[in-house]
Amino acid sequence: MNPFLGLAIAIIVLLVVLFIVTYILNKRTPVPKGCEQIKISEEFCLNCTNTDCKIHEKLDLEKVKKELESEDEE
């Protein structure tokens, strides 16, 4: 067995564990003071091209588009 194969596997396992730990720590981090009341602008999200954004996924984009169109007509 190649001695570098064990090292490669160890590095991959270490990176996966590091990713999981940092992900969990990020989720547990509280919102900074003064940022609790910040609202996400739906209009800004409609123009955003980041399809991996969790906020973007939660928005009902069709509903928001209709609301913005109705506001423009008034």
Side-chain angles (χ1 to χ4, degrees):
M1 187 163 142
N2 191 346
F4 293 111
L5 182 61
L7 179 62
I9 292 172
I11 290 173
I12 291 173
V13 168
L14 178 70
L15 289 174
V16 169
V17 169
L18 182 66
F19 172 78
I20 292 170
V21 169
T22 56
Y23 182 80
I24 291 170
L25 289 175
N26 186 39
K27 285 292 185 181
R28 291 184 181 179
T29 303
V31 177
K33 290 181 182 178
C35 297
E36 297 90 358
Q37 301 300 325
I38 293 179
K39 304 247 182 194
I40 303 299
S41 168
E42 285 110 5
E43 188 171 344
F44 178 75
C45 282
L46 287 174
N47 296 326
C48 180
T49 58
N50 183 1
T51 57
D52 295 331
C53 178
K54 298 299 178 191
I55 297 169
H56 192 83
E57 289 175 2
K58 290 180 183 177
L59 287 177
D60 184 7
L61 295 179
E62 292 302 319
K63 178 183 171 188
V64 173
K65 285 180 184 178
K66 288 178 184 176
E67 288 177 2
L68 289 174
E69 288 173 358
S70 66
E71 288 177 6
D72 289 341
E73 291 173 358
E74 295 175 0

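Note: hydrogens, waters and symmetry copies are ignored here, and every other heavy atom, side chains too, is used.
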Is it the case that one hydrophobic cluster holds both [X] and [Y], taking links as side-chain heavy atoms less than 4.5 Å apart, direct or via other members?
X: Leu25; Y: Val17; value: yes
X: Val21; Y: Val13; value: yes
X: Leu18; Y: Tyr23; value: no

* Separation of Phe19 CZ from Ile24 CD1 (nearest 0.5 Å) -> 10.0 Å

* Asked: Rounded to the nearest 0.5 Å, how far does CD1 of Ile12 lie from CG of Leu7?
  -> 10.0 Å

